[in-house]
Each structure stands twice: as structure tokens, then as C-alpha cells.
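The sequence lines fix the lettering, A, B, ..., with proteins before strands; numbering per chain opens at 1. Just so you know, these numbers come straight off a predicted model, no measurement behind them.
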Amino acid sequence: MDILAELRSRFGSAIAAFATEDDSFLSMIRPAQDARFGDFQANMAMPLAKLLSKPPREVASEIVSRLDVADLCDSPEVAGPGFINLRVRADRLAQETSRLVADKRLGVVPVAEPRTVVVDFSSPNVAKPMHVGHLRSTVIGDALVRVYRFLGHRAISDNHIGDWGTQFGMILYGYKHLLDRESFEREPVAELSRLYRLVNQLSEYHTARAELPELERRIAAAEEDIASFEAALDPKDKDAKKRLGKLRNELTALREEQQFSEAKRDAIEHNLDLKALADAHPKIAVEARLETAKLHSGDPDNTELWRRFLPACLDALHRVYDRLGVTFDEELGESYYQPLLASVVDELASKGLASESDGATCVFNEGFTAPFIVRKADGAFLYATTDLATIKYRIEQWQAQAMLYVVDKRQSDHFEQLFVTAHRWGYDDVVFKHVSFGTILGDDKKPFKTRSGDTVGLESLLDEAVERAYRIVSEGDDAKPDGPELPEEERCRIAEIVGLGGIKYADLKHNRDSDYVFSWDKMLSTTGDTATYMQYAYARVNGIARRGGVDAAELRAHDATVSLDAPEERALALQLNRFAEAIDGVVRDDRPNVLTDYLFSLAGAFTSFYDKCPVLKAETAELRRSRLVLCDLTARTIAKGLNLLGIAVSERM
RNA sequence: GCCCCGAUAGCUCAGCUGGAUAGAGCAACGGACUUCUAAUCCGUAGGUCGCAGGUUCGAAUCCUGCUCGGGGUACCA
């Protein structure tokens, strides 16, 4: 039973007499902020008092007198200005806990009205290797799908792959001019990926070289501006100082840009082979774009190559997804919607939503300065067009009622416009939501990059996590009092679970909106709020079961009497009964960190219990059995909770 | 210029729709292993919630202004 939900319903009847149907009063029942105030607190007496012009404590007493919770709580207390403090009855808590034992869903009741929710996440480009930027979308999206599904919704995970863009032109160009045939036959994916990187690098080289003189000119100009500004500066003029600061910032940005460009230039010029290639392909960027354009206009050769390359590229992506344990119901890439785009634009035009402007076809939405462009002046479509076609498709084919886009928050403008346009287009009863997230930063507080300034490849990131985890697992095992107990392959298996779990958990535990600093030491720390802490708690429970020869099936099959005399037992039981509350909290605003917080408290309650309450050596057989039930429930809840986050557990560590 | 987001303990971050004395983890300090895995537990210390006003019985939370930082801003995604 979701105790909080039950309390809300009880309070509903109690405050009905005050003639309000307002849910917001019921939402003012919440977990107690401090254990001294009990388990839950109700705060609605104060605002109600204002409404009724009565003293708040009087209103609180009145609510309490109408409140029927005698079976659930000790007698409610009015405290402070008018808080109603509630403490769950010990016998009831024990009873609810023993009820969980037989409940496969651990108290989480499926929703009464399931909805069809499309979760759009990950969305890499096929030609490029996945990098760290795809991690958050993938991990958060996958967790949300799992949670929605567990709640009984029809969640459709859809990987909106970029398989039709400029990056494919680079591969096509590379294949035609720079191919190492032998390597392609041996390992097509690796070769295609090399070609992408090579073409990209060469075209960036030419761009950098072309831009550097202009950059230098602008830097010189900026320096001059600043110098003359400083000379004329009145120290008391605040506005002038502010402008000077801005100029300096601009100069810094220009210098950074210059450094990047120089690095790109030097990388080629310090390598004779690359320099020769660059000289041989001076117009590589333009020509790669031309290959993309040919593909889009249906050129048979390029279409044929695209068909050949795509499966190999998808395989490469799936290797990463398999490892992460992420699956998709649908993987309809941009190319899939290609045939629908023209009609989308026509439809928007015929409904009077889209109009011509500077040769482009645009939707002008109120409140936006920039238009939402659905067709470029040259006739090409954009991601805005594809996104609109995708919306239409999902609604018509899947009867989608809600769409969640798990995408970087920098794209919020795009989604705002997209959603407004979709509503105006006629899809106004569908819920669209940009589940935005912040950037992963390095130690320097700038977007996480390698030392040489490249984005970090996702596969190498996962490899490193597992390697680090392996060292930790081995050290831990070697240090066991009775000597190591894990064979080599077991250590490897656990390292995979701990390493990947660490990476995912670190990502999920942060509020998705904030940027966060990526730190190996923190995510794989052997102390503190990490996946390992939960996994370790799980392994300890299993250690007890193993050592005690406990038959879990037998334990769950019989009615259990749970005793909660020790404070640690009570605290643990209360946490166990709050799983549904936590799951509910996740979908309230699509925030997986609500679940990580819960699991950390649960694991904390368990380890305190573990420390103070002997299980196998409990004083009586009844107590032993009661504690075993608590252990079993803890293990199941941790495993299920982590599973909903896409994180695995191990029986031993 | 305009728009959006952020600023909470030394560090990294929570803080739900406004509620009681603002919380974790790390780092620091002090305790606890002859006892089910010490990858642990218990305790101490640490904050003018960027600044200034306002709304309210009550503000980290809502409003206004300011400072600093990040991002976006017409044919890339």
C-alpha cells in the first residue's frame, strides 16, 4: 500500500466539510521533514485557516477530529502553527510490510488509466561513433521507459537515429576517394568510422586554415578596441567598465577559437601523410555536402551505398546498446520519414500555418523572434520537418498520447517551437514534453573532453569504467578476512556490473536539469552515494541468505509476522513501504533522481539495520524469520529499483 | 540586443506545488571489526541559500531589479 496516497484519500474526506475540492490541499500531505515530527505531516491547515478566517491550530484540530486514520496512525498531533503530524502505527506498519512479502510488485499498483507514451531518446548519428554526449539521453530515457512500463503504461522507446544527414555524405566521399579496401572487407564498420573521422578532420583543416587569417584580424581589432577603450576609461563609469568586461570576454572567446583552429591545422601539418591527403582534397567539405545532396535527391549509386552501409553502422550502435542493456521498440531514423516531408510542408501551407520568407518556408509562432523553418530556400527539409512528420506518424500509427523527448537542454528553443507548431497543426490533445538535461562537464567545468580536446568516445568510456571497477572488485576480494572467494571470471562479470552501474548511477542521481562534473573517483568510489553502495547492500543480503541456507521461495510463500521493535527495523520497514511513493515521484516530472535518492535512503536504512540487528543470530526463531523477511524485501526492492534504472546487481561482490 | 537556465557547506550536489531548527555524499575530526561482507556503521564540525527590495502567518522555493556564470538566438542537428 502506498501509505501517502492512502493518507491523502483519508484527508480528502476529512476536509471535504470545508467545501473545497482542491487537490492542492491534499498534496500538502508529505513525508515528515524531520523524524521527530513522525512519518508524515499535513500542512493544509494554515492555508485553509486563511480561507476560513479562523486560527490555524483550530482548523488543524477540526481536521483531526474529522479524520479517520485510527487504523493507520497513532493519534495525530497538532504542532507549531498548525502542522498535523502523523506516525504510522507500529502494528499496521508490520502488517503492511508482511503484506509486501507476497506482492511481486512490491506495493506498486498499476495505474488505472494506462497511456501510450513515446519516449524519444539516445538518437545518435549512425556515421559517427557514439560519444559521451549520448550517455545522458540514453541512460535517462531508458530509465523512464522502464518506470513508465512498470507503472502499467504503454511506453514505446524510439531511437530517432540520424541516418540521413551530412555525416553520411562524409562517409560516401571517403568511400569513393579514401577507402582502404582491405580493411573495409575485414572490418567494414571500423573502416567506415575511420573514413568519417578522416573526412571530417580534413574538411575541418581546410575550414580552420581559411578562417585563421580572419580570426587573427578580429583578435587584433579587438585588442585595439580594448586598448583605446582602456585609455579613455572613466573609472567611475560603471557602464563603461561593464562594456570593457564584455569586450575582454569576447577577446578570450576569439583566442580560444583561434587555439582550436590552430590545433586542427597543426594536427594535419605535423603529419606528412595527412598533409598530402589534405592537399589532394582541397574542396572536400563542399564535395561531401554534394554527396549528401545526391543521396537526398535519389542518386542510385549513393542510395545503393547508403543501403549497404546502414546495417553495419547500426550493428556498431547495437554493440554499445547491448552492453548498456538498452533496447528500443522502434528505431525509425530520419530517413524513414523522408517520403512524408513534402506533404507535411504542403499541409502546413494549406492550413495557412506556413508561409514563404526569404525563399524559405516558415511557420511563424507567436512569441518567437525566429521563424520555425520547415523548408530551406534551396528546397531541402530540416530536422524541424522530420520532427513534425515523426509526430504525425506516432500519433496516427501508434495512437501516441504523450511524447517525451530526452534531449540536451540546449535544444529547448527548437522543442518549444516544435510543440507549439504541432498544437497549431491540430495535435492539441497530445502531451509533448522536452525532458531536457544538462551538460556533462570535465574537471575544468567545461564540456567533458579528452586532453586533446576531442569528445570522449562512449565505448572507451565504458571500457575504462569496467577496468577501474575490476581493480576495485579485486582489491575488495583480496582484502576479505577469510581470503579471496571470487574466481577470475566472476570478478570480470562483477566489474562489468559495478563499472556500468557506477556510470549510469552517477548520471541518474543528478537532477537532470543541472550540468554535472564527471568524476571517475566519485562514481566508482567505494564510499558514499554510488551504485556500489546499493549493490553492496544487495550482496550482503545474499551473503546472509547463503550463509543461513535460507530458502527465499519458502520465506515468501508463508505468512510472515514482522516485528519492528528496534528503531532500525522500523525505519527499514517504513522505507520498504515507500517504494510506490518513490516511483510515483519519478514520473511526476520525469526525474529518475527521485528514485536514486530513495534507493540511497533504503540502502542506508538497511546497512544501519544490518549493523545493529543480527539476523542469523537473532535471539529467537521468530525474530530471525522476521528479520529475514526484511532482508528479502530489501534485496528485492533494491534489485527492482536498480533494474528500473537499468542497473544490475550481483549476488556476491 | 533579445530569450532561456543557473548561483545552496571547503568540493560535488539534493531540496517535490511556499511550511517547523536548510539536507546528503566527499574531504576534516572523534569513536566502532574475537560477532551475518568495515565497499560499513555511529558521532562532531562546517551555510548571510549570489545581492537588494517585495508578496505572505511563513520564502532557498513566488514577484521585481541588480551582479556573476552558462546556453540559445533564419535556412546544422
Side-chain angles (χ1 to χ4, degrees), chain A residues 23-24 27-28 30-34 36-37 41 43 46-47 49-50 56 79-83 85 123 125 162 165-167 242 245 334 357-362 367-378 380 382-384 386-387 407-414 416 436 438-439 445-446 472-473 475-477 479-482 485 498 509-511 513-517 519 521-522 525-530 532-533 535-537 539-548 585 588-589 591 593-594 596-597 600-601 604 607-608 610-618 627 631 652-653:
Chain A
D23 276 357
S24 68
S27 70
M28 297 173 92
R30 52 182 54 202
Q33 189 199 303
D34 191 306
R36 280 170 308 158
F37 305 139
Q41 63 182 66
N43 302 337
M46 282 86 78
K50 195 187 297 180
F83 297 104
N85 291 336
S123 312
N125 285 313
T166 47
Q167 77 282 355
K242 205 164 134 186
E334 291 172 336
S357 174
D358 286 350
T361 310
C362 308
F368 295 90
T369 45
F372 196 53
I373 301 177
V374 292
R375 186 168 54 202
K376 302 202 285 185
D378 66 6
L382 299 98
Y383 74 134
T386 317
D387 280 353
V407 180
D408 195 322
K409 71 179 173 190
R410 282 176 294 207
Q411 292 188 42
S412 60
D413 280 356
H414 166 72
E416 277 177 43
S436 59
T439 311
K445 300 279 185 116
K446 292 190 175 157
I472 292 166
V473 169
E475 278 168 26
D477 194 38
K480 280 177 185 160
D482 301 333
E485 58 177 32
V498 170
K509 76 173 254 199
H510 292 96
N511 181 323
D513 278 322
S514 25
D515 299 341
Y516 79 93
V517 177
S519 158
D521 291 339
K522 287 211 175 78
S525 164
T526 54
T527 60
D529 184 7
T530 60
T532 321
Y533 182 75
Q535 289 167 327
Y536 182 62
R540 282 172 132 186
V541 174
N542 279 280
I544 294 176
R546 208 166 40 240
R547 197 170 276 246
R588 196 171 47 226
D589 192 24
R591 298 192 181 275
N593 68 313
V594 174
T596 60
D597 281 357
F600 184 54
S601 320
T607 43
S608 298
Y610 182 93
D611 217 54
K612 290 272 159 39
C613 306
V615 178
L616 297 176
K617 293 176 184 168
R627 287 180 176 169
C631 286
R652 292 169 193 265
M653 278 175 76

[N] versus [M] - spacing of their [atom1] atoms, nearest Å:
N	M	atom1	answer
G25(B)	A45(B)	P	15 Å
U48(B)	A60(B)	C1'	12 Å
U61(B)	A52(B)	P	13 Å
C26(B)	G69(B)	C1'	24 Å
C57(B)	G1(B)	C1'	43 Å
C49(B)	U40(B)	C1'	32 Å
U44(B)	A27(B)	C1'	15 Å
A59(B)	U17(B)	C1'	14 Å

Open item on the list: Can you work out whether A380(A) or S514(A) has the more 5'-proximal nearest nucleotide on RNA chain B?
Closed with: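 By nearest-heavy-atom nucleotide position, the 5'-most residue is S514(A).
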- [ ] Specify the residue among I472(A) and M46(A) whose closest nucleotide of RNA chain B lies further upstream toward the 5′ end.
- [x]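 Looking at the nearest nucleotide for each, M46(A) comes out on the 5' side.
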Identify the nucleotide, in any strand shown, that forms a Watson-Crick or G-U wobble pair with [N], with both distances under 3.5 Å; if there is none, say none.
N	value
C68(B)	G6(B)
G23(B)	C13(B)
A28(B)	U44(B)

